Amino acid sequence: MIDEERLARTFVDLVKIDSISKEESALCAHIRKILDDLGAETVVDAAGERVGGDCGNLIARFAGNRPAPPLMLNAHMDTVEPGRGVTPVFENGRFRSDGTTVLGADDKSAVAILIEVLTAVRENTLPCGPVDLVFTVCEEIGLLGARHLDFSNVRATFGYALDATDTEGIVVAAPSANRIAVTIHGKDAHAGAAPEKGVNAIAVAARAIDGLALGRLDKETTCNIGVIRGGLAHNIVPPKVVIDAEARSHDEDKLAAVTERMVAAFESAVAAFGGGPDADAPRLEVSVERDFTRTRIPEDHAVVRLARQAATNLGRTIAAKATGGGADANIFFEQGIVTGVLGTGMHDMHTVRENVRLADMVRCAELVLEILRVHASGVD
Ligand SMILES: [Zn+2]
């Protein structure tokens, strides 16, 4: 019932429409027209104004033809750079770009799959419960669309986001993340004439970072120093360094401990250079903010059981998986919508080598279609 050629055409149309984060309006209008024609009740919320973009989140509600609890299906509309003027190439069953841009399979493979599934439902008058399609903006720049989504438009309390690779897996666990912003204030001075009058903020930062364990700390915990900015010129003792860092863990206690350890490393480096809270220099400013909160779906939750039953009906299996990444699903979770993440087959996302096999997109579409069928038949 999934029409492979139609799915391919839909996908090509989507990737040809630029939709860099904050510039999703043309793509949104294109998708909205398709969903309106499929009989959905569509609305674009006010998230665009709140995030400084040209478009809000698109929510499309399908009434369905069977009584069942509403189900959410989600994808994000935005893509990363370089993502303008994508020229898709289809070769040996696989889509890629011409090598100068990303392909945008992240996440337009998902958008195309969801459109195909709802088209197949309508074309074949398949049993289907109420469905809320949620297409977000600005996922790639900090889940901003989801964070500002008007959840009064969403009826569902569970569902699926299509934003991963493995078509035979469902992500049921994602970590919590803290964002750690550090500013080290040193003191400027002429590097040649009076270096003893200065305090080198770069040297303080180096001392702190050198003492930190970074990367994968254990099976469920990671941390990273992602950005470091500082200094003015080769002949000036640098007065300021700004550092953006993060820590993630599936375990809240471990996350708190790692976050504390990172902050402490900067505090003791400042102290080692004779600084402290009351000193002029070096001096530290730190802010720790919760980026997103962990998700965990129990094995016996309807989201997992539905996907398992659908896979079994198709003669396939589906494995519950954990991820180290954060996604819109984390935000939906915080809003009480239990969201499993499914894979569309996309590979090498965020690179100019990004690609996706059409056969994998078909596999994902078949799974989602079967999930809707099982859901409508009231098994769950
Ligand atoms: Zn994505």
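As the structure is a prediction and not an experimental result, all values here were calculated from the model. Atoms within each ligand, like the ligands themselves, are counted from 1 in listed order.
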Legend entry - Distance-only donor-acceptor check, side chains T295 and N330, under 3.5 Å: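 No donor-acceptor contact under 3.5 Å links the two side chains.
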
Legend entry - Pair D45 + R50, salt bridge at N-O below 4.0 Å: no

Legend entry - side-chain hydrogen bond (donor to acceptor under 3.5 Å, both in side chains): pairs with one or both residues in residues 182-203, sequence neighbours excluded: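 Counting only pairs at least two positions apart or across chains, the side-chain hydrogen bond (donor to acceptor under 3.5 Å, both in side chains) contacts touching residues 182-203 are H185-E285.
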
Inset, instruction - Name whichever N, O or S atom of D163 ends up nearest to the Zn ion (ligand 1). - result: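 Nearest N/O/S atom: OD1.
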
Legend entry - Of all N/O/S atoms in D106, the name of the one nearest the Zn ion (ligand 1):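 So the atom name we want here is OD1.
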
Legend entry - side-chain contact (heavy atoms from CB on, under 4.5 Å) partners of V304, counting only residues at least two apart: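 V304 satisfies side-chain contact (heavy atoms from CB on, under 4.5 Å) with V172, I297, R308 only.
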
Inset, instruction - Kindly confirm whether the Zn ion (ligand 1) is within less than 2.8 Å of some N/O/S atom in E140? - result: no

